[in-house]
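We count ligands from 1, going down the list as the structure has it; atoms in each ligand are counted the same way. What you see is a predicted model; the values in this text were computed from it and never measured.
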Amino acid sequence: MKLWAGRFQKETDDRVNSFNTSLPFDNRMYAHDIEGSIAHAKMLAATGIIEASDTEKIITGLLSIKNDIENGTLTMDNDAEDIHMFIEAELTARIGDAGKRLHTARSRNDQVAVDIRLYLRDEIDSLLSLLRDLIEVLLSKSEEFSDAIMPGYTHLQRAQPITFGHHLMAYVSMLLRDIDRLCDCKKRMNVMPLGSGALAGTTYPIDRSVTCSLLKFDSVCSNSLDGVSDRDFCIELASAISITMMHLSRFSEEIILWCSWEFRFIELDDGFTTGSSIMPQKKNADVTELIRGKTGRVFGDTIALLTVMKGLPLAYNKDMQEDKEAIFDAVDTLKECLVTFIPMLDTITVKRDNMRLAAAKGFINATDLADYLTKKGMPFRDAYKISGSLVGLCVKNDTVLEALSLETLKEYSDLFAEDVYDAIALETCVRTRVSEGGPSPDSVLRQIQLAKTELEKYK
Ligand code: ARG
């Protein structure tokens, strides 16, 4: 028998029951539902809406339900409409009338709204902690390889010399923004909807500040219609997660390239790769490919949430029950990606020599050659042209800029002198790129320091 059965003359059709129920996916919020109900019950007693003795029974009952769910003695009855109904029915079965008083001055609409916020608030904390772990790994690798020269790319063509540490620190910048976005999202999520009732508040003398402080919210939502129909915080979180996934996906793509025989910049630990059922030589970077693939799925979650909400009149509509699978999937996916990606990254072997070899090809010091002439007084555009002609000459003769004789160089400009060879040596090109944020080992070490300070703010 449904809790709301009074108005009906017929049992709900079984097909509706199984179509309607959210228990299979909202059961994960049981602890947060209980936390919210305990706060609500305390508020009801504090304002004299129900007896303190009833609240005591409610709290004991709810805690015993929590305990029994956790030790496996209470299994969720799939007939229940959702986790809220399941717990309330179970509570009443255990403690009788006091259980029936719990839902005074509350609706499932404000109840579910508070539960999702409580649940996601905790999930954001675990995501933040994983992102911090990932940054720590990147910081230590960046430090270790702050002087490992590699080619930097644009258009996936070798462009200018950088270091592996510099490259990794780019991801630290992205991840720090991701952390900041999650914190920002948590701030707006941390507003309490309880007390909004079904949509129009309540006539009981509730005190929302009591539940607000018991549940550690920063404030209460200021409009009851918005309180029960706002899912912006889910959309915001899914969007923030999508951006993080996009970063992980770009990183994964690079790792896949770096592991290929064409690059050979890094090698993944055997424990983080897979083989082929037919090709004995294969060592595949499946983890990163899966992350790249799962990114599409998380984008789908974000679009699903936006689309569910876009046509809904105020206030609550059952469409909103569809919020959970999407946002839970986004959170779960990012979490499991990070849990695997972090140790995978931590155990990579970096092949400095291969990076250095790749950097020696592709004329990545051609800009430095132009800069050399510019620093001797030639306008940059003219210097650029000369450097370009010299690259052309090298391509024709299958050689590199630093192998050209001074005589040949002087045919193009008499500003060339013996010191050009040092100026275009890759080590010099990297060491002298000291501009803030640049690839020189000193600059990378400074970036690491700044990132450490930034990270402290989020601990
Ligand atoms: N299971 C529902 C959900 O997730 C809870 C709220 C139900 N409210 C209602 N008026 N039917 O949205």
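- The single protein non-hydrogen atom nearest to atom 6 (C) of ligand 1 is Tyr316 OH, 3.5 Å, given as residue, atom name and distance.
- Interface atoms of ligand 1 facing Ser22, defined by a heavy-atom separation under 4.0 Å, are 1 (N).
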Using residues 144-156 as the side-chain source, report each donor-acceptor pair under 3.5 Å to any protein atom, sequence neighbours left out, with the distance given to one decimal.
| from | atom 1 | to | atom 2 | distance (Å) |
| --- | --- | --- | --- | --- |
| Ser146 | OG | Glu143 | O | 3.2 |
| Asp147 | OD1 | Arg352 | NH1 | 3.1 |
| Asp147 | OD1 | Arg352 | NH2 | 3.4 |

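- Close approach of ligand 1 to Asp82 is summarised as follows: ligand atoms under 4.0 Å from at least one heavy atom of the residue are 1 (N), 2 (C), 5 (C).
- The closest non-hydrogen atom to atom 9 (C) of ligand 1, taken over Asn109, Leu199, Ile83, comes from Asn109.
- Using a 4.0 Å cut-off between charged nitrogen and carboxylate oxygen, Asp329 and Arg297 count as a salt-bridge pair.
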Walk me through whether His166 and Val430 qualify under side chain to side chain contact (heavy atoms under 4.5 Å, CB included).
CA-CA 10 Å; His166 185 232; Val430 166; over 6 Å; no
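- Note on ring orientation: taking the six-membered ring where Trp is involved, the planes of Tyr171 and His167 are tilted (angle from 30° to 60°).
- Between Arg231 and ligand 1, a contact under 3.5 Å exists for no N or O pair.
- In this structure, Lys324 is part of the shell of residues with a heavy atom less than 4.0 angstrom from ligand 1.
- Under the ring pair (Phe, Tyr, Trp, His ring centres under 6.0 Å) criterion, the residue pairs touching residues 324-350 are Tyr119-Phe328, Phe251-Phe341, with sequence neighbours excluded.
- The nearest heavy-atom contact from the protein to atom 11 (N) of ligand 1 is Arg108 NH2, 3.5 Å.
- In this structure, Arg208 fails the cation-pi test against Phe217, since its NZ or CZ atom is not both closer than 6.0 Å to the six-membered ring centre and inside 45 degrees of the ring normal.
- If you check which protein heavy atom lies closest to atom 2 (C) of ligand 1, you get Gln321 OE1, 3.2 Å.
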